[in-house]
A.B. asks: 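Dumping the structure here so I can ask a few things about it.
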Amino acid sequence: MAFTANDHLYMTRALQLAEQGMLTTMPNPRVGCVVVKNGKIIGEGAHLKAGEPHAEVFALKQAGDTANGATLYVTLEPCSHAGRTPPCAQAIVNAGISKVIAAMQDPNPQVSGSGLAHLQANNVEVASGLMQVQAEALNPGFISRMTRQMPFVRSKIAASLDGKTALNNGESQWITGESARLDVQHWRARSCAILTGIGTVLVDNPSMTVREIEVDRQPFKAIVDSQLKISPNAKILQGGNALIAFSQANPIKEAELLAAGAELLCIPNNEGKVCLKTLLSHLASREINEVLCEGGEGINGALMAQNLIDELLIYYAPKLMGASAKSMFAMPEFTNMNQVIALDILDIRQIGVDIRLCAKLSQRACC
């Protein structure tokens, strides 16, 4: 069906509402909803936390009895199954809504079209696809986990203008300015997990926690450490909530790390290193939607070589660090231009004195 200017206006408001759950809804999707009657919004809501009411329930409650005969705009297809909360599709029917416009169908196989079908079967007019691209951008991790059984991996890199991420001796604090470092905190806060490698842990001893932003939970932390070189006293392990993926058994060190509160996962690949694909699949099985990788050239190169990065978030500082400094990705030398990795730039903006570039791979290769 053809959508009107007002349809776009109301869905825009629903998308704005969905953004309210950017830091809190995981593992659930971010969803917003508005109820409209006679050209006026009579109810609106957002899903804010797993286990709490969905956006449609808040909007219908605000609309009350006036919802009868109204149109409901929602950024994701209403659920049709009972999970931690009752199905929203039936609540919409019970409220007497006459028409539902959804931005996109739910990628969850438990729903995936059945919510809209339930509405149609109960004489509610339905349509979907309005501002779908914008709606999908709100939930890349949820969509990835439901369709690929993998989290959405976003690699954050701080680099000089000549593409270097650390001096040859490993020193990297600080390449970017304070504004860029604060911006990174927002990306950490919206992520379900932070992924890093043992090289970064040994050189920087980072905590990888969200700072300067008020949050009610800290991201899970996953450390790739094939030989279990990490110290039980490492800052990243403090407070628990951390998983160490390794590939070479070391009973004594394993016992020390378990005593320090860390989880351990032995997942060797054929080369005796950590199988990154298995690690990400494991994180998805734990309902982790978005993973922010904050590591060096080693883990970034391995992820890129295995086609496991979905998005790049690169902060370029107005500095030059020289040819001997470390690069963004440790990968084998390319010998012809057909081998280079093409990117689509999604966004470029200045953050303080630095430039933030967001890009994705132009074409995901077949594994």
A.B. asks: With distance as the sole test, does Thr25 use its side chain to make a donor-acceptor pair with the main-chain N or O of Leu48 at under 3.5 Å?
C.D. replies: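 Checking the backbone N and O of Leu48 against the side chain of Thr25, no donor-acceptor pair under 3.5 Å is found.
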A.B. asks: Under a 3.5 Å threshold, yes or no: a donor from one side chain and an acceptor from the other, between Asp7 and Thr4?
C.D. replies: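 Yes - a donor-acceptor pair under 3.5 Å links their side chains.
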A.B. asks: To the nearest 0.5 angstrom, please state how far the CD1 atom of Ile41 sits from the CG atom of Leu17.
C.D. replies: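 Reported to 0.5 Å precision, the distance equals 8.0 Å.
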A.B. asks: Do side-chain atoms of Arg30 reach the backbone of Leu138 as a donor and acceptor pair under 3.5 angstrom?
C.D. replies: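 A pair under 3.5 Å: yes.
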A.B. asks: Taking the side chain from Asp225 and the backbone from Ile230, do they hold a donor-acceptor pair closer than 3.5 Å?
C.D. replies: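 Yes, Asp225 side chain to Ile230 backbone: donor-acceptor pair under 3.5 Å.
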A.B. asks: Treating Ile, Leu, Val, Met, Phe, Trp and Tyr as nodes and any side-chain heavy-atom pair under 4.5 angstrom as an edge, say whether Val36 and Val100 lie in one connected cluster.
C.D. replies: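 No, no single cluster joins them.
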A.B. asks: Could you give me the CA-CA distance, side-chain angles and deciding distance for Asp183 and Arg349, then say whether salt bridge (charged side-chain N to carboxylate O under 4.0 Å, His left out) is met?
C.D. replies: CA-CA 12 Å; Asp183 190 66; Arg349 64 185 67 191; over 6 Å; no
A.B. asks: May I ask you to test the Leu303-Cys293 pair for a side-chain heavy-atom distance under 4.5 Å?
C.D. replies: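 A side-chain contact exists here, since the closest heavy-atom pair is under 4.5 Å.
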A.B. asks: Would a distance-only check, ignoring hydrogens and angles, find a side-chain to backbone donor-acceptor pair under 3.5 Å from Gln350 to Gly352?
C.D. replies: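 Checking the backbone N and O of Gly352 against the side chain of Gln350, a donor-acceptor pair under 3.5 Å is found.
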A.B. asks: I'd like to know if the side chain of Asn300 pairs up with that of Ser155 as donor and acceptor (distance under 3.5 Å, no hydrogens or angles considered).
C.D. replies: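 Yes.
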A.B. asks: Please tell me whether Met26 and Phe220 are part of a single hydrophobic cluster in this structure, the criterion being side-chain heavy atoms less than 4.5 Å apart.
C.D. replies: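 Unlinked, Met26 and Phe220 end up in two clusters.
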A.B. asks: Does the Glu77 side chain pair with the main chain of Asp106, one donor and one acceptor, at a distance under 3.5 Å?
C.D. replies: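 Yes, the answer is positive, given that a donor and an acceptor are paired below the 3.5 Å cut-off.
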A.B. asks: List the steps, then state whether salt bridge (charged side-chain N to carboxylate O under 4.0 Å, His left out) holds for Glu263 with Arg286.
C.D. replies: CA-CA 13 Å; Glu263 294 183 47; Arg286 299 176 69 140; 2.8 Å; yes
A.B. asks: Would you say the side-chain atoms of Thr335 and Gln339 include a donor-acceptor pair closer than 3.5 Å?
C.D. replies: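 A pair is found: one side chain offers a donor N or O, the other an acceptor, under 3.5 Å apart.
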A.B. asks: Using only atom types and a distance under 3.5 Å, with no angle test, would you say the side chain of His47 pairs donor to acceptor with the backbone of Pro29?
C.D. replies: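 Pair absent, no side-chain N/O of His47 close to backbone of Pro29.
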A.B. asks: Between Trp187 and Leu283, is there shared hydrophobic-cluster membership here, with clusters defined by ILVMFWY side-chain heavy atoms closer than 4.5 Å?
C.D. replies: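 No, Trp187 and Leu283 fall in different hydrophobic clusters.
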A.B. asks: With a 4.5 Å heavy-atom cut-off, do Thr75 and Met104 have their side chains touching?
C.D. replies: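 Side chain of Thr75 against side chain of Met104, heavy atoms only: no contact under 4.5 Å found.
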A.B. asks: Is it the case that His118 and Gln90 place a side-chain donor and acceptor less than 3.5 Å from each other?
C.D. replies: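 A pair is found: one side chain offers a donor N or O, the other an acceptor, under 3.5 Å apart.
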A.B. asks: When you look at Glu294 and Lys156, which way does the salt bridge (charged side-chain N to carboxylate O under 4.0 Å, His left out) test go after all the steps?
C.D. replies: CA-CA 6 Å; Glu294 296 195 51; Lys156 186 278 295 182; 3.5 Å; yes
A.B. asks: Tell me if a side-chain donor or acceptor on Asp347 pairs with a main-chain N or O of Cys358 at a distance below 3.5 Å.
C.D. replies: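 Here the side-chain-to-backbone pair does not exist.
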A.B. asks: Is there a side-chain contact between Val210 and Pro219, using heavy atoms and a 4.5 Å cut-off?
C.D. replies: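 Yes; the side chains approach each other to less than 4.5 Å.
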A.B. asks: Please examine the side chains of Glu297 and Met328, heavy atoms only from C-beta on, and report whether any two atoms are closer than 4.5 Å.
C.D. replies: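 No; the side chains remain at least 4.5 Å from each other.
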A.B. asks: In terms of hydrophobic clustering (I, L, V, M, F, W, Y; side-chain heavy atoms under 4.5 Å; direct or indirect links), are Ile198 and Phe246 co-clustered?
C.D. replies: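 Linked, Ile198 and Phe246 end up in one cluster.
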A.B. asks: With a 4.5 Å cut-off on side-chain heavy atoms, are Val153 and Leu280 touching?
C.D. replies: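 They are in contact (side-chain heavy atoms under 4.5 Å apart), so the answer is yes.
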A.B. asks: Taking the six-membered ring for Trp, are Phe3 and His8 parallel (under 30°), tilted (30 to 60°) or perpendicular (over 60°)?
C.D. replies: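 Rings of Phe3 and His8: perpendicular, as their planes differ by over 60°.
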A.B. asks: What is the distance from atom CG of Leu182 to atom CD1 of Ile351, rounded to the nearest 0.5 Å?
C.D. replies: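 So the CG of Leu182 and the CD1 of Ile351 are separated by 9.5 Å.
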A.B. asks: I need the minimum non-hydrogen distance between Ala103 and Ala135, along with the two atoms involved.
C.D. replies: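 In terms of heavy atoms, the two residues are closest at CB-CB, 3.5 Å.
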A.B. asks: What's the verdict on side-chain contact (heavy atoms from CB on, under 4.5 Å) for Ile345 and Leu357, showing C-alpha distance, side-chain angles and the deciding distance?
C.D. replies: CA-CA 7 Å; Ile345 295 176; Leu357 181 148; 4.1 Å; yes
A.B. asks: Is it the case that Arg145 and Asn289 place a side-chain donor and acceptor less than 3.5 Å from each other?
C.D. replies: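 A pair is found: one side chain offers a donor N or O, the other an acceptor, under 3.5 Å apart.
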A.B. asks: Working to the nearest 0.5 Å, report the span between CD1 of Ile194 and CE of Met208.
C.D. replies: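 So the gap between those two atoms works out to 7.5 Å.
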A.B. asks: Is Val35 close to Ile97 at the side-chain level, that is, under 4.5 Å between some pair of heavy atoms?
C.D. replies: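 Side chain of Ile97 against side chain of Val35, heavy atoms only: contact under 4.5 Å found.
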A.B. asks: Inspect the surroundings of CG in Asn169 and state if more than 12 heavy atoms from other residues, nucleotides or ligands are less than 6.0 Å away.
C.D. replies: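 Count over threshold, so yes.
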A.B. asks: Quiz question: by atom type and distance under 3.5 Å, do the side chains of Gln218 and Thr209 form a donor-acceptor pair?
C.D. replies: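 No, because no side-chain N or O of Gln218 sits under 3.5 Å from a partner of the opposite role on Thr209.
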A.B. asks: Can you tell if the side chain of Val291 reaches within under 4.5 Å of the side chain of Ile288, non-hydrogen atoms only?
C.D. replies: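 In contact.
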A.B. asks: When you measure from the side chain of Lys319 to the backbone of Ile175, do you find a donor-acceptor pair of N or O atoms at a distance under 3.5 Å?
C.D. replies: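 Flag set: sc Lys319 to bb Ile175 pair under 3.5 Å.
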A.B. asks: Can you tell me if Asn270 has over 12 outside heavy atoms packed within less than 6.0 Å of its CG?
C.D. replies: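 12 or below, so no.
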A.B. asks: For atom CG of Asp216, decide whether the heavy atoms of other residues, nucleotides or ligands shown that lie under 6.0 angstrom number more than 12.
C.D. replies: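 Count over threshold, so yes.
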A.B. asks: Where the side chain of Thr176 meets the backbone of Tyr315, is there a donor-acceptor pair that is under 3.5 Å apart?
C.D. replies: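 Absent.
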A.B. asks: Can you get from Ile223 to Leu228 by hopping between Ile, Leu, Val, Met, Phe, Trp and Tyr side chains that sit under 4.5 Å apart?
C.D. replies: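 Result: yes, single cluster for both.
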A.B. asks: Within the distance-only criterion (no hydrogens, no angle test), does the side chain of Asn250 pair as donor or acceptor with the backbone N or O of Glu254 below 3.5 angstrom?
C.D. replies: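 Such a contact is absent between Asn250 side chain and Glu254 backbone.
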A.B. asks: Check the side chains of Asp344 and Ser362 for a donor-acceptor pair under 3.5 angstrom, ignoring hydrogens and angles.
C.D. replies: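 Their side chains do contain a donor-acceptor pair, which is all the 3.5 Å distance test asks for.
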A.B. asks: Contact between Ile309 and Phe329 at the side-chain level, heavy atoms closer than 4.5 Å - yes or no?
C.D. replies: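 Of all side-chain heavy-atom pairs linking Phe329 with Ile309, at least one is under 4.5 Å.
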